[in-house]
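Keep in mind that the numbers below use all heavy atoms, side chains included, and drop hydrogens, waters and symmetry copies. Order of the sequence lines fixes the chain letters, A, B, ..., with proteins taken first and strands second; residue numbering starts at 1 for each chain. Nothing here was measured: the structure is a model prediction, and the numbers come from that model.
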Amino acid sequence: MKNTIRDYILGNLLFTEDPSVLQDDDSFLTQGIIDSTGVLEIILFIEETFGIKVNDDEMLPTNLDSVNNLVDFVRSKQAVAA
Amino acid sequence: MCGINGIAALSMQANISERDVRSMLPPLQHRGPDGHGVYLDPGRRIGLGHTRLSIIDLAGGAQPMHNEDSSVWVTFNGEIFNYLELRADLIKHGHCFYTDSDTEVIVHAYEHYGDDFVQQLNGQFAIALWDEGRRRLLLVRDRAGILPLFYTRQGERLLFASEIKALLPQLTTAPHISPAALDQIFTFWAPRSPNTLFENIFEVSPGHMLTVENGCVRESRYWDWQFPEQGDYLAGSDGELGEQLYALLADATVIRLRADVPVGAYLSGGLDSSALVSLIRHHSAAPLKTFSIGFEQAALDESAFQQQMIDHLGVDNSRICCTNSDIAEHFPATIFHAETAILRTAPTPMRQLSGLVRASGYKVVLTGEGADETLGGYDLFKEAKIRQFWARQPQSEWRPLLLKALYPYLETSSTQAQSYLRNYYRIGLDKPEQPGFSHLTRWFTTAQCKVFFSQELNAALREEAAAGLTGRLPAAFGRWHPSNRAHYLEAKTLMGGYLLCSQGDRMLMANSVEGRFPFLDHRVIEFANRLNPRLKMRALNEKYLFKQAMKKHLPQQIIERHKQPYRAPDIPAFFSAQPPAYVDDLLSADKLKRYGYFDAPKVGLLLNKARRGSSLAYKDNMALVGVLSTQLCHYFFIEQFSRTIREADSPAFY
């Protein structure tokens with residue numbers, strides 16, 4: 001899952017195939033990887049890819065603002081669903 | 001409006017030929033389809049050219065024009081709106097006029113006032129004035145930068161023209177795109193004046209004058225946006241100041257209705273154009289024709305508000321509906337006329353709109369452009385104000401929540417949105433006194449598009465764009481109120497470098513239509529700049545005093561309407577259907593590598609995303625339009641340099 005997320009971020013938000021430019025703890029906001037609209041793209045991506053639904057009250061940087069945060073968030077959503 | 005051009009000798013070795021001056025006329029044909037003229041001084045030190053769009057004194061206004069003894073010559077693009085008053089005054093002082101045109105006022109005003117003549121002019125202008133006795137050329141541009149004027153030094157000659165394309169026939173080789181200019185465009189949306197997209201080609205900056213004498217070229221500033229330093233704002237109650245503002249706007253509008261041809265107006269449905277149309281209606285008896293843009297995408301369309309004003313004022317309105325495919329089809333011509341890279345497609349519908357004006361038999365339109373910059377309208381100003389307020393208590397939980405008022409789509413996510421707002425808009429919060437504070441989020445977001453720059457381009461950059469700008473601000477800048485600093489930066493970057501040229505003059509003149517801008521009358525700017533900032537933005541109510549001044553003339557819904565920024569579809573314009581061939585061609589890995597500005601694999605990934613329809617971020621939209629327009633500029637002005645010169649005014653290719 002982490003690699004799927006990393007590949008998505010690299011290819012669609014950083015526009016590169018070079019994995020060294022993204023650390024798993026990098027904040028998407030402060031690194032300028034997304035702008036105020038970009039978070040919508042990330043939500044769309046995880047909803048479509050991992051079959052989860054992101055609620056309004058889950059739209060938080062602690063859930064969505066780094067690779068590690070996304071992995072933890074998607075795992076917890078899947079655990080609840082299962 | 002018109003096109004001007006010319007060549008000045010910078011040494012005794014250089015001789016100016018009429019043929020060279022004439023070679024610059026065809027690319028300006030669209031600016032002046034009604035006639036042309038050339039003047040060469042007997043000593044061949046100067047050649048002046050002019051293409052004419054006749055609006056005032058249709059019979060007698062041919063240019064270049066001279067004074068009584070033919071010792072002062074002028075070629076002029078624009079309008080002097082106070083020419084009747086100036087003319088009467090100059091006649092009183094003994095000057096003799098041989099025409100009824102506004103142009104002739106310039107030569108006599110120069111005789112009378114010397115270089116200070118420009119202080120007498122109320123208008124929009126690009127002027128080349130030759131003083132035969134002193135062998136001296138002045139190149140002058142209006143205060144706000146409504147009309148363009150470019151120049152370049154070619155050996156011992158100075159070339160100048162209303163558009164860059166008119167300089168090309170006199171260049172020995174194609175120009176080069178400037179890496180620093182691309183850096184500035186991909187930060188501020190426009191090159192920083194006097195730079196243009198091209199190396200060694202400059203503009204005369206707004207409010208500036210270039211003096212060419214004894215082979216030297218000297219630049220001086222005669223006017224600038226200035227603000228009170230000690231809080232000495234205009235005194236008076238809101239009611240009194242509102243009345244003064246109304247009277248000023250009414251006069252600024254009335255003098256802009258002076259023309260020997262019928263005058264129309266743009267109507268967007270927003271507050272500014274609605275107020276303008278109302279002012280015209282109340283202060284002119286002539287039947288009024290208005291022109292509007294609609295979009296097929298409902299989110300961008302303002303037709304309902306336009307209709308409200310049409311009904312309210314009983315004007316005769318014509319409207320175009322702009323589709324995605326219109327934008328894709330006309331984007332190359334937009335760039336050919338704009339002569340620069342841009343980050344939005346929004347100029348393209350403006351060119352369609354001026355086409356409608358022309359097809360309706362009109363040559364002149366008034367527009368509401370400039371009201372936001374002068375009277376305090378943009379969301380950016382609100383954002384800056386909130387960020388200033390927040391910076392005073394950076395730990396505050398609720399201060400950043402005010403930002404939600406600006407971005408209604410974030411409202412839906414209730415309290416959670418605050419985390420994003422807090423993180424995203426924190427930038428620079430620890431230094432609210434830094435000069436670019438108001439614009440940091442915009443510049444930071446836009447500069448993310450530089451991720452697509454090629455290694456070669458990055459290697460050629462010497463100075464970071466934002467640092468370069470903030471290092472060249474007026475000495476008093478830091479003593480102005482933070483809101484006024486934001487106004488200044490906005491006027492000098494986005495308005496001067498993009499709105500008035502790429503989206504303004506060039507899109508109007510592409511169809512031989514003259515735009516007139518009452519809100520940019522310098523008396524309005526000077527008045528507005530002396531207002532207490534809280535009269536421009538009261539709490540978060542934008543253009544407060546302006547609304548007070550206009551409210552009895554406008555429907556309440558128009559006054560209370562949340563401001564909708566004018567936008568056109570960007571990525572969807574090109575990718576909602578099969579993109580036109582030029583898009584695939586110019587964005588192919590081969591062309592990207594050959595032109596050298598952008599990283600081909602990265603742009604390839606962006607293209608894939610655009611084709612999938614999954615690009616939502618502003619950043620992607622700006623980047624794609626920026627890359628495509630840069631590629632088009634290279635195509636037109638570098639790769640196809642010879643052909644562009646040959647085909648002059650009508651780029652049939654692409």
Side-chain angles (χ1 to χ4, degrees), chain A residues 3-23 25-50 52-70 72-73 76-77, chain B residues 379 383 403-404 406-407 409-429 440-453 570-571 598-610 612-624 627:
Chain A
N3 282 339
T4 310
I5 291 175
R6 281 184 58 88
D7 287 350
Y8 169 79
I9 303 291
L10 285 167
N12 289 272
L13 297 171
L14 285 164
F15 304 99
T16 178
E17 285 163 358
D18 174 6
S20 71
V21 300
L22 178 66
Q23 304 304 308
D25 277 327
D26 282 349
S27 157
F28 301 153
L29 279 164
T30 53
Q31 303 279 317
I33 295 170
I34 59 168
D35 60 29
S36 56
T37 46
V39 66
L40 302 174
E41 288 183 15
I42 291 182
I43 292 169
L44 207 62
F45 161 73
I46 58 171
E47 287 188 344
E48 284 178 354
T49 311
F50 302 109
I52 59 170
K53 173 92 183 73
V54 181
N55 301 325
D56 281 355
D57 61 0
E58 293 167 334
M59 216 181 106
L60 293 164
T62 48
N63 288 335
L64 306 172
D65 196 41
S66 71
V67 173
N68 283 339
N69 289 357
L70 276 172
D72 291 347
F73 175 62
S76 71
K77 290 289 283 189
Chain B
D379 277 355
E383 178 194 304
L403 288 161
K404 291 208 308 189
L406 302 183
Y407 304 97
Y409 70 88
L410 288 173
E411 197 75 59
T412 56
S413 55
S414 68
T415 53
Q416 275 58 47
Q418 65 183 277
S419 307
Y420 270 96
L421 290 172
R422 248 205 303 276
N423 281 288
Y424 184 68
Y425 290 102
R426 283 207 86 85
I427 176 171
L429 214 62
L440 285 182
T441 40
R442 180 200 283 165
W443 294 347
F444 178 75
T445 307
T446 306
Q448 298 309 318
C449 299
K450 295 198 296 189
V451 71
F452 296 100
F453 282 7
D570 294 306
I571 283 179
F598 301 105
D599 183 297
K602 284 186 177 176
V603 175
L605 290 168
L606 175 63
L607 275 174
N608 289 343
K609 196 176 168 187
R612 284 200 309 274
S614 53
S615 272
L616 301 171
Y618 291 138
K619 184 174 89 174
D620 292 357
N621 282 275
M622 289 193 286
L624 190 114
V627 170

**Request:** Determine the minimum heavy-atom distance between B:K602 and A:L14, stating which atoms define it.
**Result:** CE-O, 4.3 Å
**Message:** For B:D599, which atoms come within 4.5 Å of any heavy atom of chain A: side chain, backbone, both, or neither?
**Reply:** neither
**Asked** Pairs in or reaching into residues 442-453 of chain B: which pass salt bridge (Lys or Arg N to Asp or Glu O under 4.0 Å), with residues at least two apart or in two chains?
**Response** B:D183-B:K450, B:R442-B:E490
**Prompt:** Looking at B:L607, B:V603, B:D620, B:N608, which hits side-chain contact (heavy atoms from CB on, under 4.5 Å) with A:F15?
**Reply:** B:D620
**Item:** Test item: B:K609 side-chain N/O and A:G11 main-chain N/O as donor-acceptor pair under 3.5 Å
**Value:** no
**Prompt:** Non-hydrogen atoms of chain B under 4.5 Å away: do they reach the side chain of A:Q31, the backbone, both or neither?
**Reply:** backbone
**Item:** Which portion of A:L13 sits near chain B, non-hydrogen atoms under 4.5 angstrom
**Value:** both
**Request:** Under 4.5 Å, counting heavy-atom pairs only, tell me which of A:D65, A:L64, A:T30 racks up the most with chain B.
**Result:** A:L64
**Request:** Working to the nearest 0.5 Å, report the span between OG1 of A:T16 and CZ of B:F452.
**Result:** 10.5 Å
**Message:** Please determine whether the number of non-hydrogen atoms from other residues, nucleotides or ligands lying under 6.0 Å from atom CD of A:E47 exceeds 12.
**Reply:** yes
**Fill in**
For A:Y8, the ring pair (Phe, Tyr, Trp, His ring centres under 6.0 Å) test, sequence neighbours excluded, returns A:F45
**Asked** Given a strict heavy-atom distance threshold of 4.5 Å, which part of B:R612 is in contact with chain A: side chain, backbone, both, or neither?
**Response** side chain
